[in-house]
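Proteins come first, then strands; the chains are lettered A, B, ... in the order of their sequence lines, and each starts at number 1. The analysis underlying the following values was restricted to heavy atoms, covering all of them including side chains, and did not include hydrogens, waters or symmetry mates.
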Amino acid sequence: MEDRYDFRAVEAKWQGRWEASGLYSRGHDPSRPKFYCLEMFPYPSGNLHMGHVRNYSIGDVVARFYTMNGYNVLHPMGWDAFGLPAENAAIQRGVHPADWTYANIATMRSQLKGLGMSYDWGREFATCDPEYYRWTQWLFLLLYRRGLAYRKKAPVNWCPSCTTVLANEQVIDGACWRCKSQVEKRDLEQWFFRITAYADRLLRDLELLGGWPEKVRVMQQNWIGRSEGVEITFPVEARREGITVFTTRADTVFGVTALVLAPEHPLVEELIAGRGDELAVQVRAFARRLADLGERERTEMEKEGVPTGAYAVNPLSGERVPIWVANYVLMEYGTGAVMVVPAHDQRDLEFARKYGLPVKVVVRPADASLPEGPAGDGLQEAFEDDGVLVNSGPYSGLSSAAAREQIARDVTARGIGRKAVNYRLRDWLISRQRYWGAPIPVVYCDACGIVPVPEERLPVLLPRQVDFTPTGGSPLARNEDFVRTDCPSCGRPARRETDTMDTFMCSSWYYFRFASPRCETAPFDRDEVAYWLPVDQYIGGVEHAVLHLLYSRFFTKVLYDAGLVPFVEPFTNLLTQGMVTLGGAAMSKSRGNIVSPDDIVRRYGADTARLFILFAAPPEKDLEWSDQGVEGCHRFLQRVWRLVTGIVRDFAAPVGGWGGAAGDGTAGTALRRALHRTIKKVGDDIRERFNFNTAISAVMELVNEAYRYRESVPRQEQDGALLRELAEKLTLLLAPFAPHLAEELWEMLGHRESVHLQAWPAYDPAALVAERITIVLQVDGKVRGRLEVEADAPRERLEEAALAHERVRAFTRGREIAQVVVVPGRLVNVVTR
RNA sequence: GCCGGAGUGGCGGAAUCGGCAUUCGCGACCGACUCAAAAUCGGUUGGGCGCAAGCCCGUGUGGGUUCGAGUCCCACCUCCGGCACCA
């Protein structure tokens with residue numbers, strides 16, 4: 001057994017052969033069902049990290065497993081290649097972003113090949129290829145035509161360090177998702193996608209995504225943030241126009257003791273227009289001060305407000321209420337104005353207490369434990385639950401729910417309000433003031449205004465010669481050759497849009513492109529997309545739950561509406577894998593806790609790296625790296641190698657089939673049962689639960705059993721046919737996890753065709769059946785003995801045998817037997833009184 | 001605050017339908033082989049008591065249901081993740 005598995009030679013040998021034979025390229029095959037297995041494509045940052053290895057190892061097992069199970073599997077790989085790091089490298093090191101990016105792609109491609117991933121490399125592309133971004137621009141135009149792309153001036157998130165604006169989804173806790181700098185608010189004219197027009201469908205269709213983790217669906221649900229309520233217009237004294245508020249608690253409308261406007265609300269300026277009094281001066285100063293604050297500072301400050309001196313009238317109660325301006329009202333949500341109900345909203349209560357506004361209780365719990373009406377002065381905490389209305393005119397006595405309905409009807413009938421739905425989701429800001437992205441295909445003409453670039457003139461090429469120095473403006477604006485163009489509409493001189501698109505736009509449709517990556521007449525061939533999509537299994541990190549995954553769903557619905565794709569959801573099943581950690585923290589350069597995949601592959605081989613990463617934890621959990629764990633997996637593969645090569649050596653030419661018979665009680669029968677049990681378990685674990693860790697441990701057990709057999713049964717009595725069967729099926733079971741080792745063993749076993757084209761082994765149900773089994777004997781729920789019986793022994797026989805058992809009798813002696821619970825095949829529990 | 005997930009040996013984790021808690025792997029200890037080491041192989045390894053047979057305890061805490069609970073129910077604690085002046 002001195003023979004050692006030379007993983008370096010074997011892995012290089014098969015990677016070369018696979019590539020030369022095109023083993024993993026795929027096309028249509030009407031004879032087999034299709035399966036699209038996709039892993040989130042990487043940003044080519046330079047080198048693969050362990051998170052990539054985990055992501056792609058999981059995907060590779062799934063792809064290989066479904067291939068062996070008879071599916072025509074699409075398993076492509078490409079590059080999410082536009083983005084800031086390339087440009088930063090250019091600024092810091094003087095390398096052109098394109099050169100930097102394509103060099104990184106070359107490195108990472110060879111790393112992926114070194115891991116033995118089964119990609120159809122013929123479908124590879126990078127989103128920065130003009131042949132790709134041409135269609136990204138085409139899709140922009142599609143959205144523009146459909147009224148879903150628009151330009152507006154708005155307060156937007158600005159990252160001072162990246163010198164560009166960001167989408168809402170890219171601001172995490174008030175900071176830039178990429179560089180963690182505090183984000184500022186700036187008023188800029190920018191391009192948006194009207195994703196809010198799809199808010200309701202994006203929410204509703206989450207129900208179609210039974211194959212997604214609950215967690216991700218909930219995150220999207222929270223992000224979209226639908227809330228139902230009513231808008232009610234309060235007339236303003238001495239003005240024609242009123243103030244419209246949005247509320248989900250119309251039942252508390254008789255408890256309103258003020259209205260509050262967001263500082264940016266257009267009416268604020270009007271209410272104090274031409275006034276020089278002290279209040280007006282205060283309001284102006286307040287609004288200006290808040291405008292200068294970042295979102296973070298603003299959300300963290302205490303509630304603050306100033307009265308405008310103006311009054312409105314509650315259209316339901318007829319009461320006069322003061323109009324205030326306050327920092328806690330958001331202009332971007334609802335109508336930018338809210339009614340203040342201190343008794344029933346904690347924020348309003350804090351505000352009212354600070355400024356001495358009245359507190360008026362109008363909803364009481366069913367047990368009437370709150371004081372009524374204006375006597376709510378002692379209220380410590382707002383009563384925010386539903387209850388029964390009091391002090392509410394004609395609505396008194398109604399339940400909150402009934403009152404909401406009635407009030408909605410009444411305000412609608414009187415023309416002073418309506419039911420309304422609001423979403424937390426905001427439109428997607430896609431302009432970026434950076435170079436390394438797809439140019440927005442739009443031209444500005446003095447005569448014609450905004451003119452989209454005609455499809456036949458796409459792509460709008462990103463020029464190579466550009467000054468990348470960050471100034472806060474778009475680098476493209478400094479390239480006059482790029483900027484100057486003719487108006488596609490009137491032909492007169494015009495200027496190009498100089499912003500580029502958010503890279504999330506590129507990644508929102510790449511999975512369509514893989515179906516027909518060289519299509520030159522459209523973003524994708526519709527027949528190919530109809531054949532391959534939707535993606536059957538998508539695998540990636542949970543960090544994209546409300547970024548990429550939301551945008552992609554939006555894009556798919558737009559394409560569906562345009563009649564270009566026949567489905568409304570792009571990803572049928574989603575698996576979100578956990579992080580790879582070291583010392584309990586995510587691996588990162590700044591923390592200095594990186595383990596390099598290259599080093600691991602060099603020392604132990606790709607198969608070991610893949611096996612460890614799949615074995616150490618279930619895929620959705622975080623995985624703590626362990627060098628010793630890696631060695632354990634390496635030892636296991638060496639053990640497999642010695643087992644199979646030993647069998648091949650000892651039983652080069654087996655005669656006949658398996659010599660035993662089920663139920664003959666021999667070591668051979670037991671081993672064969674173990675083999676078939678393992679085949680069943682590994683298949684179930686992969687297919688039903690993605691429990692690669694338990695699948696692998698089952699294979700380890702099988703190998704242990706095989707060794708025990710080989711060592712305990714004399715060589716001449718060993719069943720050669722059984723051992724050959726075991727060696728072959730073991731090799732097939734390992735093929736998705738350790739593709740190189742399996743391929744080499746398969747060849748040694750005498751096969752000419754790749755192990756990766758073989759059918760997944762079927763288990764023999766007859767082999768699983770044991771003649772005799774061990775059942776547990778309990779007395780009062782405690783295990784007191786074991787009993788070996790025929791597998792099909794009936795209840796009465798089990799009960800009888802249990803009661804006759806020496807140890808059971810010892811524990812029941814002198815006690816009355818109250819009950820005997822018999823679970824055939826498992827246990828007998830004797831219950832005493 | 002709201003929503004989601006998780007708490008099991010020294011460690012990663014297993015127990016898939018309410019039925020032997022801790023498969024498998026790592027680590028540790030003992031042993032075989034060896035001049036020695038590496039590699040490999042075998043054994044032991046939740047805690048306590050006991051010479052032993054064996055007994056008792058044990059899955060975050062406290063209750064409950066059940067012949068039987070890591071698993072189901074109630075209350076709570078801790079940790080992780082998401083959202084958060086969203087009216």
Should [N] form a Watson-Crick or G-U wobble pair with both distances under 3.5 Å, which nucleotide is its partner?
| N | answer |
| --- | --- |
| B:rA37 | none |
| B:rC2 | B:rG82 |
| B:rA52 | none |
| B:rA21 | none |
| B:rA75 | B:rU61 |
| B:rU45 | B:rG27 |

Minimum-distance nucleotide to A:Val783 side chain [options: B:rA14, B:rC20, B:rA87]: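 From the listed options, B:rC20 comes nearest.
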Aromatic A:Tyr707 / basic A:Arg639 pairing, under 6.0 angstrom, 45° off normal: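 Yes; both conditions hold, so A:Arg639 lies above the ring face of A:Tyr707.
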A:Tyr328 six-ring face occupied by A:Lys303 cation (under 6.0 Å, within 45°): yes
Integer-rounded Å distance: [N] [atom2] and [X] [atom1]:
| X | N | atom1 | atom2 | answer |
| --- | --- | --- | --- | --- |
| A:Asn327 | B:rA87 | CG | C1' | 14 Å |
| A:Phe811 | B:rC56 | CZ | C1' | 11 Å |
| A:Asp685 | B:rA15 | CG | C1' | 12 Å |
| A:Lys621 | B:rC11 | NZ | P | 13 Å |
| A:Tyr333 | B:rA84 | OH | P | 12 Å |

Which part of the nucleic acid, if any, lies within contact of [X], taking any heavy atom under 4.0 Å across all strands shown: a base, the sugar-phosphate backbone alone, or nothing?
| X | value |
| --- | --- |
| A:Glu624 | nothing |
| A:Arg426 | base |
| A:Glu711 | sugar-phosphate |
| A:Gly225 | nothing |
| A:Asp622 | sugar-phosphate |
| A:Pro618 | sugar-phosphate |
| A:Arg689 | base |
| A:Arg784 | sugar-phosphate |
| A:Lys782 | sugar-phosphate |
| A:Val329 | base |
| A:Val831 | sugar-phosphate |
| A:Asn704 | sugar-phosphate |
| A:Asp348 | nothing |
| A:Val218 | sugar-phosphate |

Distance test, side-chain N/O of A:Arg642 to OP1/OP2 of B:rU40, below 4.0 Å: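 For B:rU40, neither OP1 nor OP2 has a side-chain N or O of A:Arg642 closer than 4.0 Å.
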Under-4.0 Å side-chain N/O to phosphate OP1/OP2 contact, A:Arg708 with B:rG42: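 The answer is no; no side-chain N or O of A:Arg708 sits under 4.0 Å from OP1 or OP2.
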5' priority, RNA chain B, between A:Leu623 and A:Thr335 [closest heavy atom]: A:Leu623
Under-3.5 Å donor-acceptor pair between A:Arg786 side chain and B:rC20 base: yes
Distance-only donor-acceptor test, A:Asn222 side-chain atoms vs B:rC83 base atoms, 3.5 Å: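 Answer is no: no donor-acceptor pair is held.
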Syn or anti for B:rC55 (syn when the glycosidic angle lies within 90° of 0):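 With its glycosidic angle more than 90° from zero, B:rC55 counts as anti.
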For A:His634, the option from A:Phe615, A:Trp641, A:Tyr5, A:Phe7 that meets ring pair (Phe, Tyr, Trp, His ring centres under 6.0 Å):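 Among the candidates, only A:Phe7 passes.
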N/O donor-acceptor pair under 3.5 Å between A:Thr252 side chain and A:Val341 backbone: no
A:His676 side chain to A:Leu768 backbone, donor-acceptor under 3.5 Å: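 No; judged by distance alone, with no hydrogens or angles, the pair does not exist.
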Mutual orientation of the aromatic rings belonging to A:His544 and A:His548 [parallel < 30°, tilted 30-60°, perpendicular > 60°]: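 Perpendicular: the ring planes of A:His544 and A:His548 meet at over 60°.
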